[in-house]
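See structure below.
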There are 4 protein chains.
Amino acid sequence: MAATSPRPLAPRKRPRQARATATLDAIFEATIQVLLRDGPQRLTTTRVAERAGVSVGTMYQYFAHKQALIYTLNERYLEALAERIEACCAAQHGTRANRMVEALVECYWQAKTERPEVTRALYRSVAELDNVALVANFAARVDRATTAMLASASDHAPADLDSVNRTLVTVIFGTVRNAFERNLPEADTEGLRRHLVTMCKALLDQTAGQSA
Amino acid sequence: MAATSPRPLAPRKRPRQARATATLDAIFEATIQVLLRDGPQRLTTTRVAERAGVSVGTMYQYFAHKQALIYTLNERYLEALAERIEACCAAQHGTRANRMVEALVECYWQAKTERPEVTRALYRSVAELDNVALVANFAARVDRATTAMLASASDHAPADLDSVNRTLVTVIFGTVRNAFERNLPEADTEGLRRHLVTMCKALLDQTAGQSA
Amino acid sequence: MAATSPRPLAPRKRPRQARATATLDAIFEATIQVLLRDGPQRLTTTRVAERAGVSVGTMYQYFAHKQALIYTLNERYLEALAERIEACCAAQHGTRANRMVEALVECYWQAKTERPEVTRALYRSVAELDNVALVANFAARVDRATTAMLASASDHAPADLDSVNRTLVTVIFGTVRNAFERNLPEADTEGLRRHLVTMCKALLDQTAGQSA
Amino acid sequence: MAATSPRPLAPRKRPRQARATATLDAIFEATIQVLLRDGPQRLTTTRVAERAGVSVGTMYQYFAHKQALIYTLNERYLEALAERIEACCAAQHGTRANRMVEALVECYWQAKTERPEVTRALYRSVAELDNVALVANFAARVDRATTAMLASASDHAPADLDSVNRTLVTVIFGTVRNAFERNLPEADTEGLRRHLVTMCKALLDQTAGQSA
DNA sequence: TATGAATGAGAATTCATTCAT
DNA sequence: GATGAATGAATTCTCATTCAT
């Protein structure tokens with residue numbers, strides 16, 4: 001593909017027609033399928049196109065190069081995830097901190113577990129690209145949402161809100177990822193999640209400046 | 001995940017001569033260097049060989065294929081890490097649970113942070129291969145060590161030791177990984193770590209069956 | 001024999017466009033040329049592609065691997081040869097057995113001698129692959145054709161048709177191959193052929209059950 | 001190996017000690033085994049050495065290069081075969097032509113069938129090298145022996161001895177080879193052989209100038 | 001003399017990308 | 001626009017041969 005450097009990672013065209021959207025969706029879905037079936041090594045443009053039922057040429061109408069495809073796929077996924085988290089946070093505004101943490105864990109866990117293979121596939125594909133910007137951007141968005149949520153807690157005002165927030169997010173996201181990596185059985189997963197909530201609440205308790 | 005064909009991943013020959021051991025070490029080190037400098041995409045056998053100062057042919061005397069190289073590299077790393085954790089756990093036998101957790105976090109954090117670029121490089125390279133077995137093996141070893149440690153605690157006997165142990169390990173390892181992924185600045189890292197210890201201790205407190 | 005792994009030997013894609021058919025033909029012809037010029041040892045994919053005036057990549061669009069190319073080349077050749085023999089046999093239906101044998105020797109000899117270098121090249125290339133299936137298939141087809149022909153002879157009904165047929169085919173084909181291997185001069189070839197016919201007729205005579 | 005051209009194909013040293021002879025034998029036997037197990041494509045010096053229980057280095061003490069090994073192997077085999085045929089011919093001196101032909105077929109068939117896999121392996125390996133000289137030399141030797149035998153027949157003097165002899169040899173050798181290639185079952189083999197003898201005798205009959 | 005580690009040219013194969021139809 | 005054949009640089013991997021020990 002056009003080897004201009006730095007290469008634009010966004011999709012070439014914004015879909016205007018329904019047909020284009022359908023094609024894009026098919027391509028994204030195909031990418032995930034290939035990732036799952038063949039692994040990141042065998043994720044080739046040809047395979048994706050074939051699976052998506054379009055020609056390679058068509059794929060190149062939508063993505064200037066392969067990296068752009070993977071990038072956009074992850075971007076899309078993180079975008080949806082971020083929105084979900086934002087919604088969850090917004091919904092908890094003004095409630096008690098404990099409920100907030102419960103909701104956050106629930107929301108994230110749920111989002112990751114709905115289509116576990118997809119989660120797994122994307123975890124692997126991210127290693128393919130220079131994802132620093134992507135992840136940083138996602139993290140910033142999430143931080144903003146969770147911080148705002150926590151700040152609105154009716155019963156809690158930690159001494160260092162940012163720090164506590166960062167810990168919560170890092171611990172929750174990291175734990176979920178590790179659980180995936182270890183391939184924990186369903187049974188163990190449930191206990192882990194309860195423990196995780198417990199631990200988060202404990203952090204809130206111990207970092208509470210003064211109750212409101 | 002990836003349907004890697006059942007190719008043997010172990011190294012082809014065990015080094016018999018001193019020269020061979022040196023060669024092997026050079027190859028491993030070179031792999032890490034290339035991984036750091038060029039990223040997993042540009043990790044080619046030629047590049048590794050060149051950097052290691054040997055010929056490609058030599059590399060293939062020791063590794064049946066590229067995957068085997070990456071696999072063995074990770075295996076080696078996890079082996080060393082496991083040993084370190086085992087030593088740490090052994091050293092804490094019989095102490096109080098709180099100290100144990102502190103030591104575990106300290107040990108793991110330290111191990112990962114000593115050569116952060118290496119850690120990062122390996123985190124990325126491991127996505128290249130079918131690492132289920134590798135990770136499972138490492139996890140089992142660590143679980144054994146930490147469980148034994150916790151069971152020996154002078155002041156603590158959780159109702160469900162295995163479950164608590166699993167949570168602790170998952171949360172600690174996951175948090176560290178996520179911290180790496182988010183590329184947290186040194187300053188924030190310190191606070192995160194203190195929080196993590198706090199949370200782990202809290203879990204121990206709340207799951208204590210009866211004090212000894 | 002050789003434990004060739006069960007890789008599909010059929011061509012990867014059937015040509016759909018005229019361009020593709022031309023490409024395929026060029027590749028086959030180039031393979032024969034390289035085989036003749038450089039021998040089976042120097043039959044490399046690069047050389048074939050170059051000679052065919054296409055890129056290596058193109059070759060790999062049509063053949064999954066080098067073996068498949070050689071296999072298909074031989075298959076094609078044997079296919080044509082079988083058709084020729086079948087036509088010859090069909091043309092002799094109902095004639096006298098002696099004429100049949102004459103025709104068969106003539107037909108086979110002719111087919112092999114038209115482009116002797118090609119014949120020689122293929123005899124050598126076939127050693128490269130696990131040709132059991134190929135040869136068996138060809139043999140079965142030929143056996144069917146010659147048996148049917150002999151069975152229709154107006155003047156002859158051997159006690160054991162199958163056995164006689166097998167001998168005739170084996171002797172004729174084997175003799176021709178050996179003549180090639182010994183690199184017999186044109187002059188000697190003529191006599192050999194006459195003798196061969198004589199011998200085949202003699203076999204018919206001596207195995208005749210009863211004349212019709 | 002030393003790339004002098006034309007390269008000497010004979011073994012580097014004539015074995016003087018028992019040890020050397022044993023090593024040579026092991027190498028030859030290993031070559032055949034590898035040929036059978038892995039096919040001519042995978043016949044590598046390393047594999048042969050390993051199978052023979054010697055180092056590659058040692059192999060290169062005996063053969064200047066791989067071609068020399070294969071060449072010598074075939075040479076050895078053809079040498080033994082020629083000797084056998086010569087002995088057989090000598091033993092038939094002065095007998096009747098029919099007996100001669102019977103003996104020749106019997107002898108050749110026997111020699112090829114004793115270790116059929118070896119025969120098969122060598123048939124394939126010959127394609128690897130420029131065997132014209134080798135085969136020509138063998139053919140000449142055999143021709144001399146069989147011609148001399150036939151010339152001594154008590155009951156037969158063909159008009160054109162050379163021509164008849166050539167035919168006999170070509171037909172017999174070719175038929176046997178083809179039988180191998182077709183992988184004929186034991187049962188069919190027996191009938192084929194009887195037919196072959198019949199045909200050879202018929203040729204003698206029909207080319208007899210005058211009985212002695 | 002024997003060994004087997006090292007070599008590196010050369011072969012097979014892959015795959016992102018282009019472009020004529 | 002869409003297609004898919006063609007491209008060829010880049011990559012993996014092989015193996016005959018050498019040479020220090």
Side-chain angles (χ1 to χ4, degrees), chain A residues 1-3 13 17 19-20 23 41-50 54-67 69, chain B residues 13 15-24 41-50 53-67 69, chain C residues 13 15-20 22-24 41-50 53-67 69, chain D residues 1-3 13 17 19-20 23 41-50 54-69:
Chain A
M1 307 164 170
K13 58 168 124 174
Q17 310 165 8
R19 180 155 56 120
T23 302
Q41 299 270 21
R42 302 224 173 283
L43 181 77
T44 71
T45 50
T46 320
R47 258 187 268 265
V48 170
E50 192 179 20
V54 300
S55 69
V56 229
T58 299
M59 269 194 47
Y60 275 81
Q61 300 264 317
Y62 292 94
F63 302 97
H65 39 76
K66 192 188 160 192
Q67 291 270 352
L69 167 62
Chain B
K13 72 163 87 162
R16 310 209 170 187
Q17 303 181 5
R19 168 166 67 144
T21 309
T23 300
L24 214 41
Q41 299 270 23
R42 304 222 173 287
L43 182 77
T44 71
T45 50
T46 326
R47 256 188 271 268
V48 170
E50 193 178 18
V54 301
S55 68
V56 232
T58 296
M59 272 195 43
Y60 277 88
Q61 296 247 342
Y62 294 96
F63 304 97
H65 38 75
K66 193 184 149 190
Q67 293 262 353
L69 168 63
Chain C
K13 71 163 84 162
R16 312 211 167 187
Q17 304 180 7
R19 169 166 63 143
T23 300
L24 214 40
Q41 299 271 23
R42 303 223 174 288
L43 182 77
T44 70
T45 51
T46 326
R47 258 189 270 266
V48 170
E50 194 179 17
V54 301
S55 67
V56 232
T58 296
M59 272 195 45
Y60 277 88
Q61 296 246 340
Y62 294 96
F63 303 97
H65 38 76
K66 194 185 149 190
Q67 293 263 353
L69 168 62
Chain D
M1 307 169 174
K13 57 167 123 173
Q17 310 166 8
R19 180 154 55 120
T23 302
Q41 299 269 23
R42 302 223 173 285
L43 182 75
T44 70
T45 49
T46 321
R47 259 187 267 265
V48 170
E50 193 179 18
V54 301
S55 69
V56 229
T58 299
M59 270 194 47
Y60 275 82
Q61 300 264 317
Y62 292 93
F63 302 97
H65 39 75
K66 191 188 160 191
Q67 293 269 353
L69 167 63

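For clarity, every value in this text was computed on a predicted model and none was experimentally measured. Convention: sequence-line order gives letters A, B, ...; per-chain numbering from 1.
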Rounded distance (Å) that lies between atom C1' of E:dA11 and atom CD of C:Gln67: 14 Å
Nearest-angstrom distance from the residue atom CE of D:Met59 to C1' of F:dC15: 12 Å
Over all atoms of both residues, closest heavy-atom pair of D:Met59 and D:Thr45: SD-O, 3.7 Å
Could you check how far CZ of D:Phe63 sits from P of F:dT18, rounded to whole Å? 16 Å
Starting the side chain at C-beta, find the nucleotide from E:dA16, E:dA12, F:dG4 nearest to C:Thr45. E:dA12
Mind checking C:Arg42 for me? I need base, sugar-phosphate or nothing, with any heavy atom below 4.0 Å counting as a touch. nothing
Can you check the C:Leu69 CG to E:dT13 C1' distance for me, whole Å? 14 Å
What integer distance in Å separates A:Tyr60:OH from F:dA5:C1'? 15 Å
How is C:Val54 classified with respect to the nucleic acid when contacts are heavy atoms under 4.0 Å: base, sugar-phosphate, or nothing? sugar-phosphate
Ignoring backbone atoms, test whether B:Ser55 places a side-chain nitrogen or oxygen under 4.0 Å from the OP1 or OP2 oxygen of E:dG8. no
If I take atom CD in residue C:Glu50 and atom P in nucleotide F:dG8, what distance separates them, rounded to the nearest angstrom? 12 Å
Base, sugar-phosphate alone, or nothing: which one does D:Leu43 contact when heavy atoms must sit under 4.0 Å apart? sugar-phosphate
Of all heavy-atom pairs linking A:Thr23 and A:Tyr62, the shortest is CG2-CE1, 3.7 Å
Rounded to whole Å, please give me the gap between CD in C:Gln41 and C1' in F:dA16. 12 Å
Any B:Thr58 side-chain nitrogen or oxygen under 4.0 Å from OP1 or OP2 of E:dT7: yes
Does C:Leu24 form a side-chain contact (heavy atoms from CB on, under 4.5 Å) with C:Phe63? I'd like the steps, not just the answer. CA-CA 10 Å; C:Leu24 214 40; C:Phe63 303 97; 3.7 Å; yes
Check D:Ala64 against D:Ala68 and note the closest heavy-atom contact, atom names and distance. N-CB, 4.3 Å
Of D:Gly57 and C:Val56, whose nearest nucleotide on DNA chain E comes first from the 5' end? D:Gly57
Any strand is fair game: report the nucleotide pairing with E:dG8 by Watson-Crick or G-U wobble, both distances under 3.5 Å, or none. F:dC15
Please name the pair of heavy atoms, one in C:Arg47 and one in C:Arg42, separated by the smallest distance, quoted to 0.1 Å. NE-O, 2.7 Å
Once you apply a heavy-atom cut-off of 4.0 Å, does D:Thr44 come out as touching a base, just sugar-phosphate, or nothing? sugar-phosphate
Answer yes or no: does a side-chain N or O of B:Arg47 lie under 4.0 Å from OP1 or OP2 of F:dT11? yes
Whole angstrom value for the distance that separates P of F:dT12 from NE2 of B:His65: 13 Å
Is there a Watson-Crick or G-U wobble partner for E:dA20 with both distances under 3.5 Å, and if so, which one is it? F:dT3
Check whether the side chain of B:Gln61 and the base of E:dA6 form a donor-acceptor pair under 3.5 Å. yes
